[in-house]
Amino acid sequence: RGAVSEITADVALEDVRLRLAREVPTLQLDHLSGRIGAKFSARGITVHGHDVALVTRASDKGGPAAVQAVRLAPTDFQAEWQHGRDDRRVTGRASASLLDLESLSSLAAYLPLDAATRRLLGQYSPRGRIRGLRLRWSGDADRLETYAIEAGVEALALKAQGYFPG
């Protein structure tokens, strides 16, 4: 009672500083636009976006501290996570019209991701674009049991690791 259960906002923001968790650095955006929303329930969360685009601010410090601007082309997305009655079982689904893997990997430092995910992104350095992504999964808190992925890929590349070619 009295809690927010759903929020949607049409945004067109310039010169934004955004920090998504205490343990990650502040993301400096030149531009963020689109419709962004979230729905909260006792069992999970759904986030969605329509025509969402962003451009980060480049750093002109030069040398190893220089940061290139990241541009995410307008995209639509939705992601849903649901916990089972025992809080161990999880199910989810996600969809996106367009994902640029290199740009998203560049933003990973600013997202509240676990250490294993950060390590994998650094090791594999994914590149390429995914179009028409549809993903579903289920499992428990320790192990994914089922999943299904549908997507079109363009110029997909990963850095070689061990016996896996790049």
Side-chain angles (χ1 to χ4, degrees), residues 16-34 36 38 44-49 52-84 87-166:
V16 175
R17 287 178 176 75
L18 179 64
R19 190 167 187 183
L20 298 174
R22 287 187 186 125
E23 66 274 6
V24 298
T26 301
L27 177 60
Q28 295 189 26
L29 300 172
D30 275 343
H31 175 82
L32 172 65
S33 64
I36 302 170
I45 183 173
T46 301
V47 294
H48 60 87
V52 175
L54 69 80
V55 178
T56 65
R57 176 156 301 140
S59 165
D60 58 359
K61 293 179 183 176
V67 176
Q68 297 290 322
V70 175
R71 297 180 192 285
L72 292 182
T75 192
D76 298 336
F77 65 87
Q78 181 170 332
E80 178 182 332
W81 294 268
Q82 297 291 322
H83 294 277
D87 278 341
R88 288 196 52 80
R89 182 135 182 93
V90 293
T91 60
R93 61 186 176 161
S95 63
S97 58
L98 173 65
L99 298 174
D100 182 302
L101 297 178
E102 187 170 12
S103 294
L104 289 172
S105 291
S106 297
L107 294 174
Y110 305 98
L111 302 175
L113 301 172
D114 61 85
T117 301
R118 288 183 193 287
R119 187 175 55 254
L120 287 171
L121 285 170
Q123 288 173 341
Y124 286 98
S125 301
R127 294 183 311 278
R129 285 164 298 289
I130 297 176
R131 295 184 185 275
L133 173 67
R134 289 168 52 203
L135 172 63
R136 294 181 310 280
W137 66 90
S138 66
D140 64 27
D142 299 321
R143 187 184 64 202
L144 186 65
E145 294 171 0
T146 64
Y147 65 92
I149 300 172
E150 297 176 39
V153 296
E154 298 173 12
L156 182 63
L158 301 171
K159 188 189 289 183
Q161 293 295 313
Y163 57 87
F164 290 108

Counterpart residues, side-chain hydrogen bond (donor to acceptor under 3.5 Å, both in side chains), relative to [X] (two or more places apart):
X	answer
Thr46	none
Glu145	Arg89
Thr75	Ser97
Thr117	Asp114

Practice task
State which residues pass salt bridge (Lys or Arg N to Asp or Glu O under 4.0 Å) with Arg134; sequence neighbours excluded, sorted by chain then number.
Solution key: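 Once residues adjacent in sequence are excluded, the partners of Arg134 under the salt bridge (Lys or Arg N to Asp or Glu O under 4.0 Å) criterion are Glu150.
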Handout entry: salt bridge (Lys or Arg N to Asp or Glu O under 4.0 Å) against Arg93, all qualifying residues, sequence neighbours excluded
Key =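 Arg93: salt bridge (Lys or Arg N to Asp or Glu O under 4.0 Å) contacts with Glu80.
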Problem - Which atom of Leu98 lies closest to which atom of Ala73, heavy atoms considered - result: CD2-CB, 4.0 Å
Practice task
Give, for atom CG of Leu54 and atom CG of Leu72, the distance between the pair rounded to the nearest 0.5 Å.
Solution key: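 Going from the CG atom of Leu54 to the CG atom of Leu72 covers 4.0 Å.
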Exercise for the section: Hey, could you give me the NE2/CZ distance between His48 and Phe77, rounded to the nearest 0.5 Å? Expected result: 8.5 Å
Exercise for the section: Just do the side chain to side chain contact (heavy atoms under 4.5 Å, CB included) check on Leu104 and Leu99 with the steps written out, would you? Expected result: CA-CA 8 Å; Leu104 289 172; Leu99 298 174; 3.7 Å; yes
Exercise for the section: Output all residues satisfying side-chain contact (heavy atoms from CB on, under 4.5 Å) with Arg71, sequence neighbours left out; order by chain, then residue number. Expected result: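 For Arg71, the residues satisfying side-chain contact (heavy atoms from CB on, under 4.5 Å) (neighbours in sequence not counted) are Val55.
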Donor-acceptor pairs under 3.5 Å, side chain of residues 119-133 to any protein atom, not counting sequence neighbours: which ones?
| unit_1 | atom_1 | unit_2 | atom_2 | d |
| --- | --- | --- | --- | --- |
| Ser125 | OG | Gly122 | O | 3.3 |
| Arg129 | NE | Glu154 | OE1 | 3.2 |
| Arg131 | NE | Glu154 | OE2 | 2.5 |

Return all side-chain donor-acceptor pairs below 3.5 angstrom for residues 106-113, not counting sequence neighbours, or 'none' if the list is empty.
| unit_1 | atom_1 | unit_2 | atom_2 | d |
| --- | --- | --- | --- | --- |
| Ser106 | OG | Glu102 | O | 3.0 |

Handout entry: Ile36 side chain reached by Val52 side chain, heavy atoms, under 4.5 Å
Key = yes
Problem - Within residues 21-30 or reaching into it, pairs that qualify as salt bridge (charged side-chain N to carboxylate O under 4.0 Å, His left out) - sequence neighbours excluded - result: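 Qualifying pairs: Asp30-Arg57.
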Practice task
Mind running side chain to side chain contact (heavy atoms under 4.5 Å, CB included) on Leu101 and Leu156 for me, showing each step along the way?
Solution key: CA-CA 9 Å; Leu101 297 178; Leu156 182 63; 3.6 Å; yes
